[in-house]
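To start, the structure under review is shown below, and the notes come after it.
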Amino acid sequence: NAGVTQTPKFRVLKTGQSMTLLCAQDMNHEYMYWYRQDPGMGLRLIHYSVGEGTTAKGEVPDGYNVSRLKKQNFLLGLESAAPSQTSVYFCASSNPRYEQYFGPGTRLTVT
Amino acid sequence: AQSVTQLGSHVSVSEGALVLLRCNYSSSVPPYLFWYVQYPNQGLQLLLKYTSAATLVKGINGFEAEFKKSETSFHLTKPSAHMSDAAEYFCAASGGSNYKLTFGKGTLLTVNP
């Protein structure tokens with residue numbers, strides 16, 4: 001039981017490049033989330049999903065897209081990376097009315 | 001809209017001293033409340049949660065928190081700090097039907113020998 005895993009752990013992008021972050025969970029959770037963490041800002045919700053095939057915008061969705069084609073996976077895409085997207089990205093999953101479980105994070109630098 | 005305020009971005013205590021990390025929430029509905037801990041270069045780990053049962057909640061590593069509706073507070077305490085408690089602590093609240101979490105900005109706890 002690996003919990004929540006994230007791929008990759010680190011990535012450096014040039015401005016304008018694209019990439020996809022993968023989140024996988026093996027706990028059969030219904031809900032999945034993507035957050036970004038910046039110093040002094042806490043965690044801010046980017047997008048979330050309440051079930052396979054569904055996605056919704058969070059607090060800071062601009063510049064990101066997501067997909068949840070399979071219940072266990074939640075993908076976060078950056079179509080044209082910008083330096084402002086330099087951050088640590090966390091994925092989480094949960095069932096309704098229960099706590100969220102977090103992955104180890106992906107550290108992204110955009111130059 | 002829900003908001004979570006953590007008073008003090010940095011708290012420093014001596015080993016063996018009381019730890020008190022403050023959290024206040026604003027919510028139009030009774031919230032679920034959580035404290036998470038983040039050690040350097042790691043993800044967030046749940047310390048404890050309040051889900052409308054007992055108002056005094058005990059968590060892992062000797063931490064506890066008390067839900068006070070009249071003060072809209074959910075402060076985290078530990079009677080005696082240990083060096084291994086040094087980390088960043090986040091208070092979070094959820095409410096409504098979609099169970100999204102709203103996080104505070106975090107409090108960095110330093111434990112001095």
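To find a chain, count down the sequence lines: A is the first, B the second, and so on, and within it residues start at 1.
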Requested in this report: Using modelled atom types only, decide if a donor and an acceptor are shared between the side chain of A:Tyr101 and the backbone of B:Leu46 within a distance under 3.5 Å.
Outcome: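 Judged by distance alone, no pair lies under 3.5 Å.
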Report task. With a 4.5 angstrom heavy-atom cut-off, could you sort out which part of A:Gln6 is near chain B: side chain, backbone, both or neither? Result ->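 Neither part.
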Query raised in the report: Where does A:Arg44 contact chain B at under 4.5 Å (heavy atoms): side chain, backbone, both or neither?
Result: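 Neither part.
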Rounded distance [0.5 Å steps], [atom1] in [X] versus [atom2] in [Y]:
X	Y	atom1	atom2	value
B:Lys100	A:Tyr31	NZ	OH	11.5 Å
B:Phe103	A:Glu59	CZ	CD	11.0 Å
A:Glu99	B:Tyr32	CD	OH	11.0 Å
A:Arg107	B:Asn41	CZ	CG	5.5 Å

Does the side chain of [X] reach to within under 4.5 Å of the side chain of [Y], using non-hydrogen atoms?
X	Y	result
A:Leu43	B:Leu44	yes
B:Tyr36	A:Gln100	yes
A:Phe102	B:Gln42	no

Requested in this report: Could you tell me which portion of B:Gln45 (side chain, backbone, both or neither) has an atom closer than 4.5 angstrom to a non-hydrogen atom of chain A?
Outcome: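 For B:Gln45, neither part sits under 4.5 Å from chain A.
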Query raised in the report: For the hydrophobic clusters of this structure (ILVMFWY residues joined by side-chain heavy atoms under 4.5 Å, transitively), does one cluster hold both A:Leu75 and A:Tyr64?
Result: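 Per the 4.5 Å side-chain linkage, A:Leu75 and A:Tyr64 are not co-clustered.
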Query raised in the report: Are A:Val50 and A:Leu69 linked, directly or through other ILVMFWY residues, by side chains that come within less than 4.5 angstrom of each other?
Result: no
Query raised in the report: How about A:Glu79: does its CD atom have over 12 heavy atoms from other parts shown lying under 6.0 Å from it?
Result: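 Count not over threshold, so no.
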**Report entry** Distance-minimising heavy-atom pair for B:Gln38 and A:Phe90
**Finding:**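 Heavy atoms of B:Gln38 and A:Phe90 come nearest at NE2-CZ, 3.3 Å.
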